[in-house]
Every structure is written in C-alpha cells, then in structure tokens.
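Below: one structure, written as structure tokens.
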Amino acid sequence: MNPILSEQELIRREKLTELEAAGIDPYPAALYPVSHYSADIKAGFSPDDAAQFANVCVAGRIMSINDKGKVFFIKIQDSRGIIQLYVRRDDLYPGEDKQEWDVLIKRGLDLGDFIGCKGYVFVTKTGETSIHAQNLTLLAKSLKPLPVVKRDEDGHVYDEVTDPEFKYRQRYADLVVNPDVKKIFLQRTKLVNTIRQFLNERGAIEVDTPVLQPIPGGATARPFGTHHNALDVPMFMRIANELYLKRLIVGGFDWVYEFSRNFRNEGMDRTHNPEFTVLEWYTAYKDYYWMMEVTEQLFETIALALHGTTAVKLGDKIIDYKAPFKRVTIFDAVKEHTGIDISHMNEDELRAVCGQLHIDVHASMGKGKLIDAIFGATSEHKYIQPTFIMDYPIEMSPLTKKHRSKPGLVERFELMVNGKELANAYTELNDPIDQRQRFEDQLRLMERGDDEAMFIDQDFLRALSYGMPPTSGIGIGIDRLCMFMLDQVSIQDVLLFPMMRPENFGE
RNA sequence: GAUCUGGUAGCUCAGUCGGUAGAGCAAUACACUUUUAAUGUAUGGGCCCUGGGUUCGAGUCCCAGCCGGAUCACCA
C-alpha cells in the first residue's frame with residue numbers, strides 16, 4: 001500500500017474510525033440477503049402492481065449521493081445496472097435519537113462504498129423508479145476515491161476516464177466507472193460461449209493440453225523459456241497446441257478443440273499481446289474444403305449471436321459475415337493485384353519480382369517466404385470482406401498435406417478479414433515419412449539463418465507413425481476475432497488485463 | 001528497436017513571453033423531507049513523473065532517465 005495518503009484517503013480512514021467507535025462494522029462478515037437486481041426492478045416495476053416489489057433487498061456500490069438534508073438520494077450500481085435509493089431520515093430513525101443517521105448516513109457514506117438496502121419500490125415525482133429505504137446496511141467501506149464520471153439523460157458522459165494507462169493497469173476501476181468497457185467483456189464471453197455451443201452441438205470434445213512443453217512446437221515463434229526444478233529440465237510456454245491436438249486424433253478422438261492460451265516472446269503493439277488466445281480444432285475424415293464451409297457457418301453464427309445481423313461495423317467499414325465467403329488462391333490474388341503470375345517461378349525469379357516491387361528480402365528467405373512476402377506486400381490488405389486465401393506454397397507450411405492436384409502447393413487456407421489474417425487452416429499432413437522430411441527441410445532453413453524454423457518433435461513423429469486418419473484442422477485468433485466483432489482497434493481493449501511493464505510502487 | 005507525442009489536486013483538464021499554482025467535479029462544514037450530469041454559501045487540498053543543467057528566478061527552456069500512447073518494422 002502506498003504510504004502517502006491523499007487528503008481524501010485520510011478523511012475516509014477517519015470516518016472508518018468514527019463508524020467503528022459508533023459500533024458499526026465497516027466490513028461485516030455476514031451474508032447479505034440480496035433478492036433483486038437493479039435492472040430487474042427497473043424493467044419489472046409498475047405502480048399498478050407495486051405489491052410485487054413491496055419488499056426488495058438490493059446491494060451495490062454507491063455511485064452518487066444527493067444530500068437534501070433529511071433526505072438522501074443515493075444511486076447504487078450492482079452487476080446489472082444502477083438504481084436509486086430514496087433514504088428519509090425519519091423512516092430509518094423514527095425515534096428521538098438521530099445520532100446514527102449523522103454518523104452512518106450523513107458523514108459515514110462515500111462514493112464507492114458498498115451498501116445494502118431493504119425497502120419498497122416506487123416512482124419519484126421526477127419519474128425515476130427508486131427504492132424507498134426501510135433499512136440501510138454498510139457492507140464494505142471504500143478507502144480510495146474512484147474517478148468520478150457522470151452521465152446525463154442523453155447519455156452524455158462528463159469527465160470520462162480515457163487514460164489508457166489507468167484503464168489497463170487498474171481495470172477494476174475502469175470496469176466500475178465505464179459501463180461500456182464491461183459490456184465489451186460480457187460480449188467477449190458471449191462470443192466464446194457461442195463458439196463452444198456451436199462446436200459442442202456438432203459433437204466436438206473440448207480438451208486441455210500442456211501449456212508447459214519440452215519442445216515448443218506447432219508454430220514458428222520465439223517462446224518463453226522456464227525451468228522445472230524437480231525434473232531439472234528446461235521447459236517452454238506453449239506457442240501453439242497443434243501437435244498435441246493431433247496426437248489426440250491419433251488416439252481416436254475424431255473432433256477435439258481447445259481455447260489455447262499461447263505465449264510468444266516477441267514484440268507487443270496494438271494487435272499483439274505476449275499471451276493471447278487461439279481456438280484450434282481438428283476433425284478426422286475431413287479436408288480443408290469441409291473446413292471452409294464450417295468456418296463460414298461459425299462466423300455467421302457468431303455475428304448473428306452478437307449483433308442479430310451478419311453485417312458488423314468495424315471502424316468506418318461494414319464487414320458482412322454472411323456465408324459463403326469468397327475463395328481465391330494465393331497466386332490468383334497476387335496476379336489480380338500486380339498483374340504478375342508468380343505461380344511457376346523459381347527462387348531467383350521470385351527474388352527479382354521482390355526487387356521490382358521494392359519488397360525487402362533477406363538471403364535466408366526461401367521460396368515460401370518470398371511468395372508470402374509478395375502476397376503480404378501487394379494483396380493481403382486488400383481483402384476487407386471475409387475471403388479464403390487458398391493453396392499456399394509447401395515451403396511455408398511444414399505441417400500441411402500436399403495438394404491433391406497442384407504440385408508444390410499444400411491444402412491450406414487463411415481467412416482474411418479487414419486485410420488481416422483471422423484464421424489459418426489445412427488438410428493436415430498425416431504421412432509420417434513426409435512429415436519427417438518437412439521437419440528436416442525446416443532444419444535446413446534454420447541452418448540457413450531462418451530463426452523461425454520449426455524444431456523436430458520426435459514424439460509427434462512417433463505418434464503419426466502409428467497412423468492418423470485424414471484430418472482437417474484450424475486455428476482462429478480469438479482476441480483478434482473479438483476486436484473485429486466488437487469494433488475495437490486495440491487488443492488491450494479486448495483483454496481484461498493486457499500486459500504492462502510492471503509498475504514501480506517505490507521501495 | 002526507430003520516430004513522434006504525453007505525464008499539473010482524488011478525477012477531467014487549463015496554465016500566455018520564464019516572474020506568488022488554476023477551474024469544474026470530488027472532499028470538508030452549514031442549509032434544504034421526492035432530487036435529476038452539476039442546489040446555495042464557505043473552506044481545505046499540489047513531489048507540477050524523476051534527476052541534472054541554464055537562469056536572479058523553471059510547471060514552462062535544455063539534457064538524461066522512468067511510465068504511457070500513436071506511427072513504422074517483425075510476429076497472430
């Protein structure tokens with residue numbers, strides 16, 4: 001606790017002492033028998049049927065106090081909204097002794113305190129549904145003033161707290177004071193629940209796989225390293241769960257999924273947090289064409305669940321998630337946006353195209369990375385409406401099955417929305433001999449200087465050797481999906497506690 | 001990592017040319033028994049992010065650092 005207290009914090013501590021001296025416990029232990037939420041009272045009450053709400057008990061945090069002398073109007077916020085309490089001195093303390101009124105109500109209450117109230121519901125002269133208090137209980141004292149944010153009838157906000165550092169570091173206060181922030185996170189939960197329901201009702205099984213892994217596999221990224229003391233071995237935080245889910249397909253599950261918290265020790269910006277969530281699922285006996293259809297259905301279902309329509313606002317754009325989505329191969333995409341057909345070019349020719357288009361290249365880049373660079377620089381950002389980009393070069397897809405009819409390509413698609421990758425899926429490589437070769441190719445890339453190439457996972461190869469049925473799998477970035485579906489420009493606004501540099505509290 | 005930008009009361013923010021630190025809300029006190037973001041009157045509240053420098057004098061100018069944000073590069 002910061003030893004330097006502000007004037008207002010000191011005053012609140014003095015009030016605490018005064019309350020205790022008067023025999024009022026500022027932090028009572030007993031449960032408080034809440035019977036109603038603010039929103040239910042406001043939605044359900046009508047003066048003609050007042051009996052139904054003649055005896056309610058609510059609890060929440062004090063958001064405003066209007067002191068009228070012998071009458072107080074107090075607004076409290078519970079988890080569902082805000083309701084006003086009408087507190088009249090002579091109703092709470094009808095006798096001669098008004099001392100507790102002075103100590104508890106007049107001097108003892110502050111913005112931010114939790115109180116409980118029993119009473120009956122009525123409508124004030126000004127038309128606000130309120131609770132006429134018959135009993136008021138202090139449930140928890142607040143010692144630190146929250147930011148004061150006010151709203152008028154038109155929804156205009158005064159003194160809104162917008163400082164990102166405050167919002168992200170003290171999300172607890174941000175949530176109290178900014179109801180729209182809370183709404184975003186409720187929507188995020190709804191999005192995740194919608195996906196769960198979608199997958200569960202189709203027979204998918206939710207599983208948990210290791211977060212601590214001896215070999216960080218399934219993606220190309222720099223991992224966080226750590227150490228297991230009892231085993232005295234290095235361990236890594238997972239960068240992807242792909243290889244574990246495929247092991248489960250080997251084991252006989254035919255549709256598994258996991259919301260995987262992944263950790264990557266790389267830069268952070270408004271679209272990247274060091275830990276982030278990816279939904280991956282793998283389905284046996286399916287291919288990437290099937291996967292495209294299910295993906296379209298899923299995105300359409302999510303948009304409808306959140307917004308009641310497939311047309312979703314994102315910045316100044318409207319993204320329409322109505323299935324089916326457009327499909328275009330990566331070579332056709334490049335041809336469309338540059339006029340150049342790179343589909344049959346070798347590495348030197350691709351390098352020449354990069355020079356012609358002023359794209360930075362590195363000597364370590366192989367054919368796959370060059371093609372990816374050309375696509376990224378010329379085409380990727382042009383796909384605003386949901387589009388499947390299909391059939392990637394084999395060099396950049398070491399876990400993907402070779403294309404059934406196009407040599408040098410694999411059966412892979414990425415879903416582009418708003419010019420960004422939202423999902424990545426393939427027909428999975430289940431040929432153990434081919435898989436070993438692909439790993440070895442990665443090793444060669446690594447030797448050539450590509451520090452993102454994959455490690456060989458011998459146990460995964462052993463699993464594939466037992467036989468894995470033909471399978472299709474997908475990974476969907478959940479944080480990014482939330483950003484797109486909830487119209488947020490920063491990943492920090494869809495993460496409750498985005499990573500921040502540790503705060504220095506002094507000493 | 002590079003560039004730009006910000007940090008002043010509990011909160012939102014002003015602060016001119018370098019010359020005694022400001023407003024609204026919040027707080028304290030008094031008045032008011034159905035109020036409406038924010039009733040009236042009075043009062044208190046400051047490590048101007050930190051450390052150096054320039055100057056008679058620094059919230060203000062210079063340098064370095066700390067903590068954010070934006071843009072760019074790389075990754076989802």
Side-chain angles (χ1 to χ4, degrees), chain A residues 4-12 14-15 63-75 84-92 101 106-107 110-112 122-128 130 132 142-170 173 177 219-223 239-240 260 262-280 360 362 369 372-373 376 414-415 420-424 451-452 475-481 483 489-492 498 500-504 506:
Chain A
I4 300 162
L5 296 177
S6 69
E7 179 198 35
Q8 297 197 32
E9 287 173 294
L10 290 169
I11 288 167
R12 289 192 180 202
E14 283 163 18
K15 290 182 180 183
M63 300 307 283
S64 85
I65 299 175
N66 185 359
D67 173 0
K68 299 289 291 178
K70 293 172 187 66
V71 163
F72 274 53
F73 295 90
I74 299 176
K75 290 187 179 173
Q84 176 171 268
L85 313 179
Y86 171 64
V87 184
R88 192 155 67 170
R89 186 188 70 177
D90 296 344
D91 288 341
L92 290 190
W101 168 266
K106 208 161 178 54
R107 285 199 299 276
D110 284 300
L111 301 185
F122 76 114
V123 178
T124 64
K125 255 192 227 163
T126 51
E128 179 152 349
S130 308
H132 192 126
S142 163
L143 292 182
K144 189 175 172 60
L146 283 160
V148 181
V149 178
K150 302 193 175 184
R151 289 170 181 76
D152 65 19
E153 305 247 326
D154 306 327
H156 189 85
V157 183
Y158 300 83
D159 295 339
E160 184 176 17
V161 179
T162 54
D163 174 20
E165 183 162 7
F166 179 90
K167 287 164 65 71
Y168 303 148
R169 285 198 196 279
Q170 303 188 49
V177 142
T220 55
R222 283 163 59 195
I239 55 173
S260 174
N262 294 344
F263 305 83
R264 297 190 184 175
N265 207 343
E266 294 168 347
M268 43 193 293
D269 57 34
R270 73 184 197 292
T271 57
H272 296 89
N273 195 65
E275 59 181 290
F276 61 103
T277 304
V278 172
L279 164 70
E280 294 206 24
D360 288 338
H362 186 261
K369 280 216 164 187
D372 194 37
E414 292 191 354
L415 174 60
K420 304 269 164 46
E421 176 193 340
L422 251 194
N424 181 17
D451 60 359
E452 291 185 334
I476 299 172
I478 294 298
D479 307 302
R480 196 162 287 181
L481 177 58
M483 290 169 64
V489 288
S490 171
I491 196 171
Q492 297 172 108
M500 301 286 278
R501 188 177 290 277
E503 204 170 350
N504 181 6

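Just so it is clear: chains get the letters A, B, ... in the order the sequence lines come, proteins before strands, and each one is counted from 1.
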Nearest to the side chain of [X] - [options]?
X      : options             : answer
A:E266 : B:C32, B:G10, B:A76 : B:A76
A:E153 : B:U34, B:A37, B:C11 : B:A37
A:P147 : B:A76, B:C11, B:U35 : B:C11
A:R480 : B:A76, B:A37, B:A27 : B:A76
A:R264 : B:U12, B:U35, B:C75 : B:C75

Report yes if a donor N or O on one partner sits less than 3.5 Å from an acceptor N or O on the other, where the partners are the side chain of [X] and the base of [N]; otherwise report no.
X      : N     : answer
A:D163 : B:G68 : no
A:D67  : B:C32 : yes
A:Q84  : B:U35 : yes
A:E165 : B:G68 : no
A:E421 : B:A76 : no
A:D159 : B:C13 : no

Tell me: [atom1] of [X] to [atom2] of [N], nearest whole Å?
X      : N     : atom1 : atom2 : result
A:Y86  : B:U35 : OH    : P     : 9 Å
A:E9   : B:A26 : CD    : C1'   : 13 Å
A:W101 : B:C32 : CH2   : P     : 12 Å
A:E7   : B:C47 : CD    : C1'   : 17 Å
A:R501 : B:C66 : CZ    : C1'   : 9 Å
A:I65  : B:U39 : CD1   : P     : 14 Å
A:K167 : B:U12 : NZ    : C1'   : 14 Å
A:E503 : B:G7  : CD    : P     : 18 Å

How would you label the contact of [X] with the nucleic acid (heavy atoms, under 4.0 Å): base, sugar-phosphate, or nothing?
X      : value
A:R12  : nothing
A:L111 : sugar-phosphate
A:R151 : sugar-phosphate
A:Q492 : sugar-phosphate
A:K106 : nothing
A:D269 : base
A:R88  : base
A:F122 : base
A:N424 : nothing

[atom1]/[X] to [atom2]/[Y] distance, rounded to the nearest 0.5 angstrom?
X      : Y      : atom1 : atom2 : value
A:R88  : A:H132 : CZ    : NE2   : 5.0 Å
A:E266 : A:R222 : CD    : CZ    : 6.5 Å
A:I491 : A:R270 : CD1   : CZ    : 11.0 Å
A:R501 : A:R169 : CZ    : CZ    : 9.0 Å

Determine the interatomic distance between [atom1] on [N] and the same-named atom on [M]; round to the nearest Å.
N     : M     : atom1 : value
B:G46 : B:C17 : P     : 29 Å
B:A42 : B:C47 : C1'   : 29 Å
B:C11 : B:A26 : C1'   : 7 Å
B:U20 : B:G6  : C1'   : 27 Å
B:C67 : B:G24 : C1'   : 27 Å
B:C56 : B:C72 : P     : 46 Å
B:G59 : B:G19 : C1'   : 13 Å
B:C48 : B:G15 : C1'   : 10 Å

>> Stacking between B:A38 and A:Y158, yes or no? Criterion: centroid separation under 5.5 angstrom, plane angle under 30 degrees.
In response: no
Under 3.5 Å on both distances, the Watson-Crick or G-U partner of [N]:
N     : answer
B:C47 : none
B:U35 : none
B:C30 : B:G40
B:G1  : B:C72
B:A14 : none
B:G6  : B:C67
B:G59 : none

>> Nearest heavy atom decides the nucleotide; on that basis, is A:H272 or A:N66 closer to the 5' end of RNA chain B?
In response: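 It is A:N66, whose closest nucleotide lies nearer the 5' terminus.
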> When you match A:M500 and A:R270 each to their closest nucleotide on RNA chain B, which lands nearer the 5' end?
Replying inline: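 The answer here is A:M500.
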>> If the cut-off is 4.0 Å, is A:K70 near the phosphate of B:C32, judged by side-chain N/O to OP1 or OP2?
In response: yes
>> Counting only side-chain nitrogens and oxygens, does A:K150 get under 4.0 Å of the OP1 or OP2 atom of B:G24?
In response: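 No, outside the criterion.
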> Counting only N and O atoms by type, is there a donor-acceptor contact under 3.5 Å from the side chain of A:D479 to the main-chain atoms of A:T277?
Replying inline: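 Yes, A:D479 side chain to A:T277 backbone: donor-acceptor pair under 3.5 Å.
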>> Using a 3.5 Å distance criterion without hydrogens, assess whether the side chain of A:R264 forms a donor-acceptor pair with backbone atoms of A:I239.
In response: yes
>> For A:E503, is the CD atom crowded, meaning more than 12 foreign heavy atoms sit under 6.0 Å from it?
In response: yes
>> Tell me whether the rings of A:Y86 and A:F73 are parallel (<30°), tilted (30 to 60°) or perpendicular (>60°).
In response: tilted
> At their closest point, which heavy atom of A:K167 faces which heavy atom of A:V161, and how far apart are they?
Replying inline: CD-O, 3.9 Å
> How close do A:L146 and A:A173 get, heavy atom to heavy atom, and via which atoms?
Replying inline: CD2-CB, 3.9 Å
